[in-house]
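Notes follow once the structure below has been shown.
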Amino acid sequence: MTPFLQGNTCVFGLQWGDEGKGKIVDFLTENAEVVVRYCGGANAGHSVKIGNEKYSTHLLPVGVFRPGVMNLIGNGVVIDPEALFHEIDEMVGRGIAISPQNLRISYKAHLVMPYHKQEDAAREQSAEGGGIGTTRRGIGPTYADKMQRSTAIRVADLLHEDKLQQRIANVVTERNKVLTCLYDAPPVNWKEIFETYRDYGRRMAPFVDDVGHLVLDYFRQGKRIVFEGAHAALLDVDHGTYPYVTSSSCSALGLYTGSGAPPQTVQNFVGIMKAYSTRVGGGPFPTEQNNNIGQYIRERGNEYGTTTRRPRRCGWFDAVAARYSADLCGTTMITLTLLDVLSGLDRIQVCTGYRYQGQRLDYFRADMEVLAEVEPIYETLQGWNGNISGCRSFEELPKEAQQYVRTLEKLIGVPIKIVSVGPDRNATLIR
Ligand code: GDP
Ligand code: IMO
Ligand code: MG
């Protein structure tokens, strides 16, 4: 692994997603042997650029781009087999080898079913006030069924083909009542779903394994493991900006329940944050710049969703929110990404506190009613000009850019050890 990192590492987002986790997991996996996804589903979109090729992963861990690396999909992930096989076929078509040699899937992971996607879309469509702005990948309804238990279907169920038919028939019968009565949606056919999922199960069987057991085994053998977080701390179902969150434990804290790794497995907690803020979907966003600045960032940063192509909402860096996430996740070092996007701005603002009902708030409150009302307090920093994507050391950056990095580091209280100035593997500066 990159020399300054000894031991195992968890990579996670410190904002509202799309911080460049894909790029950094790929970077840190250079000398790792195992990559583990522990949360979320095909709602994630992680980009990796290798030479002139750009790849997007949704369910596959990013270690698939490194020959010899074992990739594990943990129990905390919800798997849409249609999306998974589509992704595998696409990767294989582009020359990326994927087989049980380098991919294992937890038998404990839950399955996204067609009616979950239908319910997700129907809920969003019928919600007053525009809904949550989900990716409509069926994520919420699948995790709801996981907690509900009696209506859930796991990867393990696919392996018990004799019982699968009855199980799907029962669950679909119940689900059809919800679809038709609550959402006025057409009922789904249990037999079709059974046959499709039976075939998925046959294809998935060689990949299915006991991922928790494998993680422990690799740990005991001293293999280097990178845990790949999806989404971000502010989208975490418990600690994020509820209800405008996703439905999994997607801060660093979710790695234990989502993979089965015991706490002592991980020594490095690498939080990823971009040099500004973005958010897709609904929810309060105190530093949002719904103006020329936001547009400038969106175009330069290509801030359009990797999964849904929705334009991302853009704004200034929010140090109050990032400090909250960094503290929550026990962050030991930060990677700052997309610094190059801010080039060309005369002045750059950073939110250092909030004003709420006449008082200064220095701590983030994950309470939508409070967040919707806070007024950011900004510190203004000097901008810089020129393309910095060719810089290969921190010292080569314009001094204003260096100062910007130092300011963020001080506001958050965690060292920024890596600075990313472009999507390429080598546009990565280690301090
Ligand atoms: P993730 O979900 O956190 O993996 O992030 P996404 O892949 O959804 O979005 C990040 C986007 O920024 C991708 O298109 C990356 O290729 C790109 N990217 C990553 N780091 C940098 C960087 O330092 N500069 C620029 N310009 N692009 C970057
Ligand atoms: P990566 O891993 C950005 C957001 C959605 C929506 C909310 C709930 O690429 O950083 P869901 O479909 O999960 O029920 O939607 O969460 N969201 C993300 N935003 N990046 C992501 O993942 C996201 N995953 C979910 O836009 O607001
Ligand atoms: Mg993304």
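Computed from a predicted structure; not experimentally measured. Numbering of ligands and ligand atoms starts at 1, following listing order. Position 1 is the first residue of the sequence; numbering continues from there.
- With hydrogens left out, the protein atom closest to atom 14 (O) of ligand 1 is K54 NZ, 2.9 Å, a heavy atom.
- In this structure a side-chain-to-backbone donor-acceptor pair under 3.5 Å is missing from Y38 to I73.
- Taken from OG1 in T180 to CZ in R175, the straight-line distance is 11.5 Å, to the nearest 0.5 Å.
- For the 3.5 Å distance criterion, the side chains of Y107 and D157 fail to qualify, holding no donor opposite an acceptor.
- Below 3.5 Å of separation, one finds an N or O of L338 facing an N or O of ligand 1.
- Shown in contact with R312 at under 4.0 Å from a heavy atom are these atoms of ligand 1, numbered in order with element: 8 (O), 9 (O).
- For Y363 and Y324, the ring centers sit 6.0 Å or farther from each other.
- Those atoms of ligand 1 with a heavy atom of G22 less than 4.0 angstrom away are 4 (O).
- The single protein non-hydrogen atom nearest to atom 17 (C) of ligand 1 is P423 CB, 4.3 Å, given as residue, atom name and distance.
- Of the possible donor and acceptor atoms, one in the side chain of R310 sits under 3.5 Å from a partner among the backbone N and O of G133.
- From the protein, the heavy atom lying nearest to atom 13 (O) of ligand 2 is T246 OG1, 2.6 Å.
- Test T134, T135, D236, N43 against T246 for side-chain hydrogen bond (donor to acceptor under 3.5 Å, both in side chains) and you get one pass: N43.
- Ranking protein heavy atoms by distance to atom 27 (O) of ligand 2, first place goes to V280 O, 2.9 Å.
- At under 3.5 Å, a nitrogen or oxygen of D18, whether backbone or side chain, sits near a nitrogen or oxygen of ligand 1.
- Between D340 and ligand 1 there is a heavy-atom distance shorter than 4.0 Å.
- Between Y244 and W16, the distance separating the two ring centers is not shorter than 6.0 angstrom.
- Around atom CG of N292, no more than 12 heavy atoms belonging to other residues, nucleotides or ligands sit under 6.0 Å away.
- Near A44, with a cut-off below 4.0 Å to any heavy atom, the atoms of ligand 2 are 2 (O), 9 (O), 22 (O).
- Contacts between H46 and ligand 2 below 4.0 angstrom, taking non-hydrogen atoms only, involve the side chain exclusively.
- Heavy-atom proximity to A230, at under 4.0 Å, picks out these atoms of ligand 2: 2 (O).
- Nearest to atom 21 (C) of ligand 2 by heavy atom, out of R312, E124, H231, is H231.
- Ligand-side atoms of ligand 2 in range of G281: 27 (O), range being under 4.0 angstrom from any heavy atom.
- In this structure, E19 counts as a contact residue of ligand 1, since one of its heavy atoms falls inside 4.0 Å of the ligand.
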* Going through the distances and angles, do R37 and E228 end up as a salt bridge (charged side-chain N to carboxylate O under 4.0 Å, His left out)? -> CA-CA 5 Å; R37 253 293 289 272; E228 176 180 354; 5.1 Å; no

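- Within the 4.0 Å heavy-atom shell around ligand 1 one finds G45.
- Across every non-hydrogen atom of L14 and T331, the tightest pair is CD2-OG1, 4.0 Å.
- Of the protein's non-hydrogen atoms, S420 OG, 2.5 Å is the one closest to atom 23 (O) of ligand 1.
- The shortest N or O to N or O distance between G422 and ligand 1 is below 3.5 Å.
- Contact between G13 and ligand 2 is absent, with no heavy atom of the residue lying under 4.0 Å from the ligand.
- Classification of D18 and R313 as a salt-bridged pair fails, no side-chain N sitting under 4.0 Å from a carboxylate O.
- Of the polar atoms of I139, none of the N or O atoms is found under 3.5 Å from an N or O of ligand 2, judged by distance alone.
- Near K23, the atoms of ligand 1 lying under 4.0 angstrom from a non-hydrogen atom of the residue are 20 (N).
- No side-chain N or O of Y55 forms a donor-acceptor pair with one of E87 less than 3.5 Å apart.
- For atom 18 (C) of ligand 2, the nearest protein heavy atom (residue, atom name, distance) is L235 CD1, 3.6 Å.
- Using a 4.0 Å cut-off between a side-chain N of Lys or Arg and a carboxylate O of Asp or Glu, E19 and K274 do not qualify as a salt bridge.
- The ligand atoms of ligand 2 that sit less than 4.0 angstrom from a heavy atom of W16 are 3 (C), 19 (N).
- Near V245, with a cut-off below 4.0 Å to any heavy atom, the atoms of ligand 2 are 7 (C), 8 (C).
- Y276 pairs with exactly one of Q349, Q289, E303 by the side chain to side chain contact (heavy atoms under 4.5 Å, CB included) rule, that one being E303.
- Expressed to the nearest 10°, the angle at the Mg ion (ligand 3) joining OD1 in D18 with O in G45 is 170°.
- When non-hydrogen atoms are compared, ligand 1 lies under 4.0 Å from neither the backbone nor the side chain of R300.
- D26 pairs in a side-chain hydrogen bond (donor to acceptor under 3.5 Å, both in side chains) with only one of the listed residues (K21, R425, H46), which is R425.
- Listed by number with element, the atoms of ligand 1 under 4.0 angstrom from any heavy atom of G20 are 1 (P), 3 (O), 4 (O), 5 (O).
- No salt bridge links E82 with R137; every basic N to acidic carboxylate O contact stays at or beyond 4.0 Å.
- For the residues T241, L234, V78, T134, the heavy atom positioned nearest atom 15 (O) of ligand 2 is part of T134.
- In R279, neither the side chain nor the backbone holds a heavy atom less than 4.0 Å from any atom of ligand 2.
- For the 3.5 Å distance criterion, the side chains of K23 and S47 fail to qualify, holding no donor opposite an acceptor.
- R310 NH2, 3.0 Å is the protein heavy atom nearest to atom 26 (O) of ligand 2.
- Within the 4.0 angstrom cut-off, atom 21 (C) of ligand 1 has one or more protein heavy-atom neighbours.
- Salt bridge status for R136 with D120: absent, with no side-chain N to carboxylate O gap under 4.0 Å.
- Numbered from 1 in the order shown, with element, the atoms of ligand 2 that lie under 4.0 Å from a heavy atom of K21 read 1 (P), 2 (O), 10 (O).
- Using a 4.0 Å cut-off between a side-chain N of Lys or Arg and a carboxylate O of Asp or Glu, R94 and E53 qualify as a salt bridge.
- At least one N or O atom of S47, backbone or side chain, sits closer than 3.5 Å to an N or O atom of ligand 1.
- Residue G133 approaches ligand 2 through these ligand atoms, each under 4.0 Å from one of its heavy atoms: 5 (C), 6 (C), 26 (O), 27 (O).
- Residue D18 holds the heavy atom nearest to atom 20 (N) of ligand 2 of all those in T308, D18, D120.
- Each of the following atoms of ligand 1 lies closer than 4.0 Å to a heavy atom of V421: 23 (O), 24 (N).
- The shortest N or O to N or O distance between T135 and ligand 2 is below 3.5 Å.
- The number of heavy-atom neighbours closer than 6.0 Å to CZ of R123, taken from other residues, nucleotides and ligands shown, is 12 or below.
- Listed here is the closest heavy atom pair of L59 and A83: CD1-CB, 4.1 Å.
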